[in-house]
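Report on one structure; see the data block that follows.
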Amino acid sequence: MFSRAHSLLKSWTRSYWDSFCFVGLVIATLFFCGSVTPSLLPRPYFVQGVLSGFSMAIGYGVGVFAVWFWSFLELPVPKAKIAMRAKEISIAVTSLVFVIYVWRATAWQNSIRERMEMPPVESSDPFWFFLIAIVVACVLVAIARVMIYGGQKLSKGLQRYVPRRIAISLSTTVVLIVALFIGNGVIARGLLNMADRFFFRADLLIDDPIEQPSRAIACGSDASLVDWESIGRRGKDFIAGGPTADEISEFTGEDALEPIRVYVGMRSVDGEESRAELAFEELKRVGAFERKVLIVATPTGTGWLDEGAVDTIEYLHRGDTAIVSAQYSYLPSWITILIDPSRSRRSAAALFDKVYAHWTKLPKQARPRLYLFGLSLGSFGCEDAADLLETFQDPINGAVLSGPPFPSHQWQSIVASRNEDSPIWLPTFRDQSMVRFTSQENTLNAGKPWGKIRNVYIQHASDPMVWFSPSLAWHRPQWLTHPRGPDVSPALRWYPIVTFLQIAFDLPMSTSVPIGYGHNYAPSSYIDAWVAVTQPDRWTDGDLQQLKKRFQPEGVNED
């Protein structure tokens, strides 16, 4: 009995193996090899395995499609002897490429880690990521085969009524539409709902040390229009986490004001317009329009505002500031931007319109200077909030935008129109009087005069949120031309489809690297940007260096 079962299993295994397309396997192996080359961020072996599995499955699909299309066009097939010799050569070359690429995988990962001041790894665990890749690829290929089988059955049925080629085309179209519908409408929507519920529950968590503020001027206090319990975890971090007047005064040696922070959470009130109205009324209640600097800040997808950005501007202006923000999502930016990026834009526009309408009615000599701030999806949301045509007669003073994500239309337009002698990862725009870019090193002191409006983009050459694009699948990106960014591996090469998958897998890990790389922006960069945009008084170069040291993250050397 056992002998018969073993014989059946062996026969089935051989039959299943013979069912694979040779050309598909060759291209799948080459796609696997491409997937282990460096991308923008270093990858742990598990992520590498899943990425390589997707690459193999897609590569196999490309090979199968190529063979099918050749047959569909009824082109001549090589003779058996030539085909056998071609297989032998293909196996030898592909095997050699496979061994070389797997052997180089560790060095390639370390080439990224070195540029991000991360310790090298001794091994990229090729056995484990290859095993994971095989499992993932087999599952994906099995799913594809089920779809193809369904398409073949449908095609046979249609061939009774229409010619064979038309039947094949129709059945293929139907299967693809059904797959897209199930993938987007069922699986993707289900995963999105699960993620939404998970991050909503995470937002309900209350850290014991975060106590309700007692000062009447504070948002969320008993005197506030915004209920403390509705602000959410990220909002409470923002309200309670800023520096006090005493802390600012102790550092600067001068009198300081208590900074004003206003935050409206998703549970404070329903709808973007209602949240904007509540935030505006709270601004008026606490006297925000009497401050020197007023910032409309759009948070990331989770509602987070980077402490390195908001705390530093309050030190620079000795607390004579007001920052207002409204939450629009619970999901991380990389999820929100793939599902519904318009959330941030609607929220930012609603809040800005309320603030701007009131700001323009105030006497110009007495009103605060008005700025925008956004990180990641927040940058995407607020970059179009102050529409140039609508604010032309009475423009705001400027903006600081960091990590602008790839769908940002204004950013794309500026980068595409950059001066020819500047790289895409650190462009210069026209005479630099209105827009400037900076990165790890401060490049804002260009020696050229600023105009009335000062806008600064902070971006890293290694930030996948900035450089991801669907066109990576078929077009070599400009950020890989010479010279490339200092934090990008020199071994990074563009491969059709594979590079698209690599950068897509970098998105969820964009903040997994040290501050100052990837999608983690350093407080020192924010300080440089705020100084250039808001022009704080009475700060020497030495004072700014001391402020940077105060906010220097542990383990980061900014010298």
Q. So Phe238 and Ile231, side chain to side chain contact (heavy atoms under 4.5 Å, CB included) or not? Walk me through it.
A. CA-CA 10 Å; Phe238 170 65; Ile231 292 177; over 6 Å; no
Q | Audit row: Ile323, Ile313, side chain to side chain contact (heavy atoms under 4.5 Å, CB included) steps and yes/no | A | CA-CA 10 Å; Ile323 305 174; Ile313 185 64; 4.0 Å; yes
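Looking only at side-chain heavy atoms (C-beta outward), Tyr457 and Ile414 come within less than 4.5 Å of each other. Side-chain contact between His460 and Val466 is absent, with no heavy atoms from C-beta onward closer than 4.5 Å. Side-chain atoms of Gln459 and Phe437, non-hydrogen and from C-beta on, do get closer than 4.5 Å to each other. Looking only at side-chain heavy atoms (C-beta outward), Thr106 and Glu122 stay at 4.5 Å or farther from each other. Side-chain atoms of Phe32 and Ser55, non-hydrogen and from C-beta on, never get closer than 4.5 Å to each other.
The aromatic ring centroids of Phe468 and Phe500 lie less than 6.0 Å from each other. The ring of Phe551 has its center closer than 6.0 angstrom to the ring center of Tyr315.
Of the residues Thr511, Asp463, Asp306, the one that meets the side chain to side chain donor-acceptor pair (under 3.5 Å) test with Tyr521 is Asp463.
In this view, Ser249 and Ala256 satisfy the side chain to side chain contact (heavy atoms under 4.5 Å, CB included) rule, not counting sequence neighbours.
Between Arg369 and Asp320 there is no salt bridge, since no side-chain nitrogen of the basic residue lies less than 4.0 Å from a carboxylate oxygen of the acidic one. Between Asp311 and Arg550 there is no salt bridge, since no side-chain nitrogen of the basic residue lies less than 4.0 Å from a carboxylate oxygen of the acidic one. Ion pairing between a basic and an acidic side chain is recognised when a charged N comes within 4.0 Å of a carboxylate O; Asp528 and Lys548 show such pairing.
Sorted by first and then second residue, the side chain to side chain donor-acceptor pair (under 3.5 Å) pairs involving residues 29-44 (not counting sequence neighbours) are Ser35-Ser52, Thr37-Gln502, Ser39-Arg43, Ser39-Asp506, Arg43-Gln48.
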